Number of protein chains: 2
Amino acid sequence: MLRLTKKADYGLMALKYLAEHPETPALSAKDVADAYGIPAQLLAKILQRLTKTGLLRSHAGMNGGYALARDPRQISAFEVIRAIDGPLFITSCTKGTKACELTPSCTIKEPLARVNETIAGVLKSISIQDLAEQEHAAGKAREAHGLVALTP
Amino acid sequence: MLRLTKKADYGLMALKYLAEHPETPALSAKDVADAYGIPAQLLAKILQRLTKTGLLRSHAGMNGGYALARDPRQISAFEVIRAIDGPLFITSCTKGTKACELTPSCTIKEPLARVNETIAGVLKSISIQDLAEQEHAAGKAREAHGLVALTP
DNA sequence: GAAAGCCCGACAGAATCGGTCGTATACTAA
DNA sequence: TTAGTATACGACCGATTCTGTCGGGCTTTC
């Protein structure tokens, strides 16, 4: 449980791949899809979504494709996941603006909202760059705790 | 995304309810279901599952029902969620023992496994008792970061 | 103008989730 | 002993979500 969707995985993998190839001006959806064995059309839609949210820049035509809109250090895993999977809610009762209408006495979700914030904080602290150099990611994740702990 | 299932929510709510009524020897599934407006039969199945994993003790017959098997301080949210929703995996590629067979080059999941551990750590640090006294839960969650940070 | 690529909506198959039903079993009380 | 209460468990179905595909349209480069 608590699983990311495959789409989010694909998106993270694609951004990581782009970060690993900074020399090329743009990579097509098919290029990335072939590199990982991901369905090309599905990845295309994911990349389009990431483009619409401003994480990628797209370029049509020959030798077109996608490129990171920002430095990979400035793109967090959280942004990618939210762009693809939508807002992050650990509690199934909170859906967007309206809360737990079925169970008004659901006092569970208040403490779980803290957990939610923590998870979001950890994901925010991990950048695409970290994924590209995976050795450092563990350290980053550890640092994150301190940071998150300061924001109650 | 990253949502708990409703069953897990129900389970947490039920355990919290049991923790709030330590004086009664046992509460039936229906009692708890009525208190929160949860479908009684569904909650019954959830509580049966929690019984099988050793978090609850059940007693059939008149005045029977369920009771916490341990002190509410000794039952973590993590245990409850895992009992109901199964093992916690943030990456959709890792399913139990076998890893990412489709994409052997999926280097994404290694750093995300750290995130996974962090989330598990936070959930482990929150007890049913904390849920019952929700004011304190926030503080507990904050402490958790330090603890988790020490276990790379 | 043709090929390579992005853009986008619709849709179908699959998996999971939420919830119900029926039945069997265990325990208590009268 | 019998009736009533409650758990235990498996089968099942409708709904939702996820994954992936198809088709057509638009943009840029050669």
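Reminder, nothing fancy here: chain letters follow the sequence lines and each chain counts from 1. Remember, predicted model here, so these are calculated numbers, not experimental data. Keep in mind that the numbers below use all heavy atoms, side chains included, and drop hydrogens, waters and symmetry copies.
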Under-4.0 Å side-chain N/O to phosphate OP1/OP2 contact, A/Tyr10 with D/dG20 = yes

Rounded to whole angstroms, how far apart are CG on B/Leu4 and P on C/dC17?
-> 11 Å

Expressed in angstrom and rounded to an integer, what is the separation of B/Lys6 atom NZ from C/dC17 atom P?
-> 13 Å

Value in whole Å for how far the P atom of C/dG18 lies from OH of B/Tyr36 = 18 Å

B/Leu112 and A/Leu12, any side-chain heavy atoms less than 4.5 Å apart | yes

Note, B/Ile119 side chain near A/Val122 side chain (heavy atom, < 4.5 Å) = no

Taking five pairs at each end of the helix from C/dG1-D/dC30 to C/dA30-D/dT1, what angle separates the two helix axes (nearest 10°)?
-> 10°

Hey, does B/Leu68 have a side-chain heavy atom less than 4.5 Å from the side chain of B/Leu55?
-> no

Taking DNA chain C as the partner, which of residues 41-57 of chain B come within under 4.0 angstrom of it by heavy atom?
-> B/Gln41, B/Leu42, B/Lys45

B/Asp34 meets the side-chain hydrogen bond (donor to acceptor under 3.5 Å, both in side chains) criterion, sequence neighbours left out, with B/Lys30

To the nearest 0.5 angstrom, please state how far the NZ atom of A/Lys16 sits from the CD atom of A/Gln129.
-> 11.5 Å

Quick one: CD1 on B/Ile46 to CE on B/Met13, what's the gap to the nearest 0.5 Å?
-> 10.0 Å

Drop me the distance from A/Ile81's CD1 to A/Ser76's OG, to the nearest 0.5 angstrom.
-> 8.5 Å

Give the minimum heavy-atom separation between A/Ala69 and A/Gly54, together with the two atoms involved.
-> CB-O, 3.3 Å

At under 4.0 Å, does any side-chain N or O of B/Ser58 touch on OP1 or OP2 of D/dA8?
-> yes

Under the ring-ring contact (aromatic ring centres under 6.0 Å, His included) test, residues paired with A/Tyr17 that sit two or more places apart | A/His21, A/Tyr36

Nearest-nucleotide pick for B/Pro39, side chain only, options being C/dC7, C/dG19, D/dT19 | C/dG19

Using a 4.5 Å cut-off on heavy atoms from C-beta on, say whether the side chain of B/Gln41 contacts that of B/Lys45.
-> no

To the nearest 0.5 Å, tell me how far B/Ile128 CD1 sits from B/Arg73 CZ.
-> 12.5 Å

In whole angstrom, give the distance that lies between atom CZ of A/Arg3 and atom C1' of C/dT16.
-> 10 Å

In whole angstroms, how far is the C1' atom of C/dG18 from the CD1 atom of B/Ile84?
-> 13 Å

Sorted by number, residues from residues 24-34 of chain B placing a heavy atom under 4.0 Å from DNA chain C are none

Atom pair OH/NE2 of A/Tyr66 and A/His59 - distance to nearest 0.5 Å | 12.5 Å

Check whether any side-chain heavy atom of A/Leu47 lies under 4.5 Å from a side-chain heavy atom of A/Leu43, and answer yes or no.
-> yes

Nucleic acid footprint by protein, nucleotides 25-30 of chain C - heavy-atom cut-off 4.0 Å, B for base, S for sugar-phosphate alone | -BBS--

